[in-house]
Amino acid sequence: MFFIKWINTKVAKMNWLDFALTKLSVFLFTLFLITCWSNFLVFIMGIEWWWFLILSLLVALPVLRKMFT
């Protein structure tokens, strides 16, 4: 529980630019993995496109629920 409180205090200090930079760094790290590790590329390209769509919608639902309720 201490870790969650610590994270919440750190997140409260962040602004929109910090979140955007975090998302960009995750995206770029994923591209790094795809280019440097061929097995990761094969794994990612072997997944059907609709799995990514379903996962992105499931991840977005809690955020959308907080925004519009």
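- In the hydrophobic clustering of this structure, Val59 does not group with Val11; members are Ile, Leu, Val, Met, Phe, Trp, Tyr whose side-chain heavy atoms approach within less than 4.5 Å, directly or through other members.
- Using cut-offs of 30° and 60° for the angle between ring planes, the Phe40 and Phe43 rings count as tilted.
- The side chain to side chain contact (heavy atoms under 4.5 Å, CB included) search around Leu57 returns Leu53, not counting sequence neighbours.
- With a 4.5 Å cut-off on side-chain heavy atoms, Leu33 and Phe29 count as touching.
- Remark: side-chain polar atoms of Asn15 are paired, donor with acceptor, to backbone N or O of Asp18 under 3.5 angstrom.
- Between atom CD1 of residue Ile44 and atom CG of residue Asn39 there is a gap of 12.0 Å, rounded to the nearest 0.5 Å.
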Hey, mind stepping through Met45 and Ile34 against side chain to side chain contact (heavy atoms under 4.5 Å, CB included) and telling me if it holds? CA-CA 10 Å; Met45 296 307 285; Ile34 287 173; over 6 Å; no
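- In the hydrophobic clustering of ILVMFWY residues, with side-chain heavy atoms under 4.5 Å counting as a link, Leu61 and Val63 come out apart.
- No continuous path of ILVMFWY side-chain contacts below 4.5 Å connects Trp37 to Val26, so the two sit in separate hydrophobic clusters.
- Both Leu58 and Trp50 are members of a single hydrophobic cluster when ILVMFWY side chains are connected at heavy-atom separations under 4.5 Å.
- Leu28 CG to Leu21 CG: the interatomic distance, rounded to the nearest 0.5 Å, is 10.5 Å.
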Residues Phe68, Leu64; criterion side chain to side chain contact (heavy atoms under 4.5 Å, CB included); working and verdict: CA-CA 6 Å; Phe68 296 113; Leu64 292 173; 3.9 Å; yes
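- In terms of hydrophobic clustering, with Ile, Leu, Val, Met, Phe, Trp and Tyr side chains grouped at heavy-atom distances under 4.5 Å, Leu17 and Leu24 are assigned to different clusters.
- The environment of CZ in Phe52 is crowded: more than 12 heavy-atom neighbours from other residues, nucleotides or ligands sit within 6.0 Å.
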